[in-house]
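Shown next, in structure tokens, is the structure this report addresses.
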Amino acid sequence: HQVSGVIFDLASGKLFVEEACSGVQSLFALLCVSLLLLAWNRRPIVLVPVYAAAAVFSAGLLNIIRVVTIAVAQEWYALDLAHGWKHDVLGYSCLM
């Protein structure tokens with residue numbers, strides 16, 4: 001593979017990172033859940049940056065895993081996980 005900007009050039013074709021990952025939604029979801037957990041457990045307000053940083057780190061890691069999974073599935077198994085219900089299932093599975 002070769003990375004060219006936001007495109008992975010695979011032997012089987014091009015994969016746009018934008019197609020492989022909609023990472024902003026998972027970031028917002030994880031931020032929301034982390035702040036709700038903070039409020040639900042009545043944690044001190046000074047922990048907000050810690051919870052937010054953990055959510056940002058988790059979202060980044062989640063999106064790396066998702067993009068790599070999509071690229072590997074497309075290249076090794078000729079399986080398109082970048083579109084349709086398979087993309088949704090992968091996204092929700094990673095988020096869990």
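Position 1 is the first residue of the sequence, and the numbers go up from there. Atoms considered below: every heavy atom in the structure, side chains included; atoms not considered: hydrogens, waters and symmetry mates.
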**Q.** Closest approach of His87 to Ile70 (non-hydrogen atoms, all atoms of both residues)
**A.** ND1-CD1, 3.9 Å
Q: Report yes or no: do Leu35 and Val50 belong to one cluster of Ile/Leu/Val/Met/Phe/Trp/Tyr joined by side chain heavy-atom distances under 4.5 Å?
A: yes
**Q.** Nonpolar side-chain network containing Trp85, other nodes, edges under 4.5 Å
**A.** Val89
(Q) Test of understanding: with side chain to side chain contact (heavy atoms under 4.5 Å, CB included), list the residues that count as partners of Pro49, not counting sequence neighbours. (A) none
Q: Give me the other members of the hydrophobic cluster that Leu62 sits in, counting Ile, Leu, Val, Met, Phe, Trp and Tyr linked by side-chain heavy atoms under 4.5 Å, directly or via other members.
A: Leu30, Leu95
(Q) Test of understanding: with side chain to side chain contact (heavy atoms under 4.5 Å, CB included), list the residues that count as partners of Val68, not counting sequence neighbours. (A) Ile64, Val72
**Q.** Residues Val48, Ile45; criterion side chain to side chain contact (heavy atoms under 4.5 Å, CB included); working and verdict
**A.** CA-CA 6 Å; Val48 168; Ile45 196 80; 3.9 Å; yes
Q: Please name all residues satisfying side chain to side chain contact (heavy atoms under 4.5 Å, CB included) with Ala73, sequence neighbours left out, ordered by chain then number.
A: Leu79, Leu81
Q) Could you state the interatomic distance from CZ (Phe57) to CG (Leu27), rounded to the nearest 0.5 Å? A) 13.5 Å
**Q.** Straight-line distance of Ser93 OG to Ile65 CD1, nearest 0.5 Å
**A.** 12.0 Å
Q | Contacts of Val33 that satisfy side chain to side chain contact (heavy atoms under 4.5 Å, CB included) - sequence neighbours left out | A | Leu37
Q) Is Leu47 close to Pro44 at the side-chain level, that is, under 4.5 Å between some pair of heavy atoms? A) yes
